[in-house]
Amino acid sequence: MAACHLGETVPVMPESQLTGLAGWAGDLVASLGEVGLGLLVLLENVFPPIPSEPVLALAGVLASQGTLSLTLLVIASTLGSVLGALVFYGLGATVGRVRVVRLLERLPLVDVRDLERTEAWFSRHGDAAVLLGRLVPVVRSFVSIPAGFTRVPLLRFMLLTAIGSGIWNTAFLLAGYVVGTAVDLGTLGRFLDYGTYLAAAVLVVVATRRFLRNRRTRQDGLRGHPR
């Protein structure tokens with residue numbers, strides 16, 4: 001398969017070398033080039049349980065092998081991060097805290113306490129939290145919501161998000177780029193698959209624990225407020 005790259009047809013590694021998540025990501029990047037990576041990062045920002053870091057590293061490997069442009073990968077992934085962050089910013093700005101919390105409480109893979117910790121981070125650092133938060137796991141997924149609550153000026157929010165996301169994405173792209181020539185794509189794909197399976201298992205355990213904890217909390221509340 002070939003990737004669309006600056007108007008040219010550039011060969012990429014055969015899909016047979018990659019399976020699972022790596023194969024799916026590789027197919028998308030092979031079909032859409034750097035734009036495909038941007039879409040994957042956008043998806044990860046809207047659905048935080050989807051990890052973008054392994055995909056960024058994979059794209060860095062492909063760039064080291066001459067199939068993609070490292071510069072365009074940085075630009076596309078950063079643009080995807082900004083667009084994804086705008087979804088949460090808009091949610092916070094238009095829906096408001098009370099309804100956002102109610103929404104998050106219904107999601108099995110999201111803990112409202114993560115949002116509360118992010119809000120505390122935001123209150124300590126102000127607008128700078130938008131930039132710094134993009135460099136901190138968990139916080140980076142939620143920092144856009146309190147930014148929307150407090151109506152951080154939109155252009156400032158986008159600039160700070162672009163800087164922080166650019167640093168984060170570039171780090172993983174460069175990691176893949178540096179080791180790219182020494183890495184077999186098939187081996188890398190298997191490691192990415194194993195990491196995905198492990199992350200999925202952890203998410204199932206976390207979601208189950210949160211469900212059981214919330215059910216106990218509701219039951220305790222009912223017992224404490226008899227009719």
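Hydrogens, waters and symmetry mates play no part in the numbers below; they use all other heavy atoms, side chains included.
Closest approach of L37 and S77 over heavy atoms only: CD2-CB, 4.1 Å. Nearest heavy-atom pair across G84 and L42 is N-CD1, 3.2 Å. When all heavy atoms are compared, the tightest approach of S64 to V61 is OG-O, 2.6 Å. Of all non-hydrogen atoms in S81 and N169, the two that sit nearest each other are OG-ND2, 3.2 Å. Closest heavy-atom contact between T94 and R99: O-NH2, 4.0 Å. Nearest heavy-atom pair, A85 versus T161, reported as atom, atom and distance to 0.1 Å: CB-CG2, 3.8 Å.
Each salt bridge (Lys or Arg N to Asp or Glu O under 4.0 Å) pair with one or both residues in residues 73-84, not counting sequence neighbours, would appear here, but there are none. Screening residues 156-171 for salt bridge (Lys or Arg N to Asp or Glu O under 4.0 Å) gives D127-R156 as the qualifying pairs, with residues at least two apart or on separate chains.
By the salt bridge (charged side-chain N to carboxylate O under 4.0 Å, His left out) test, R151 is found to be paired with no residue, residues two or more places apart in sequence or in another chain being considered. Under the side-chain hydrogen bond (donor to acceptor under 3.5 Å, both in side chains) criterion, S165 pairs with R134, not counting sequence neighbours. Residues that satisfy the side-chain contact (heavy atoms from CB on, under 4.5 Å) test with F149, not counting sequence neighbours, are R97, V100, E119, I145, P146. L70 is linked by a side-chain contact (heavy atoms from CB on, under 4.5 Å) to A63, L173, L174, Y177, counting only residues two or more places apart in sequence or in another chain. Every side-chain contact (heavy atoms from CB on, under 4.5 Å) that L86 has, sequence neighbours left out, goes to V82, L83, L154, F157, M158. Partners of S144 by side-chain hydrogen bond (donor to acceptor under 3.5 Å, both in side chains), not counting sequence neighbours: none found. Taking the side-chain contact (heavy atoms from CB on, under 4.5 Å) definition, one finds that I163 meets it with L131, L159, I167, sequence neighbours left out.
Rounding to the nearest 0.5 angstrom, the gap separating the CD1 atom in I75 from the OG1 atom in T71 is 6.5 Å.
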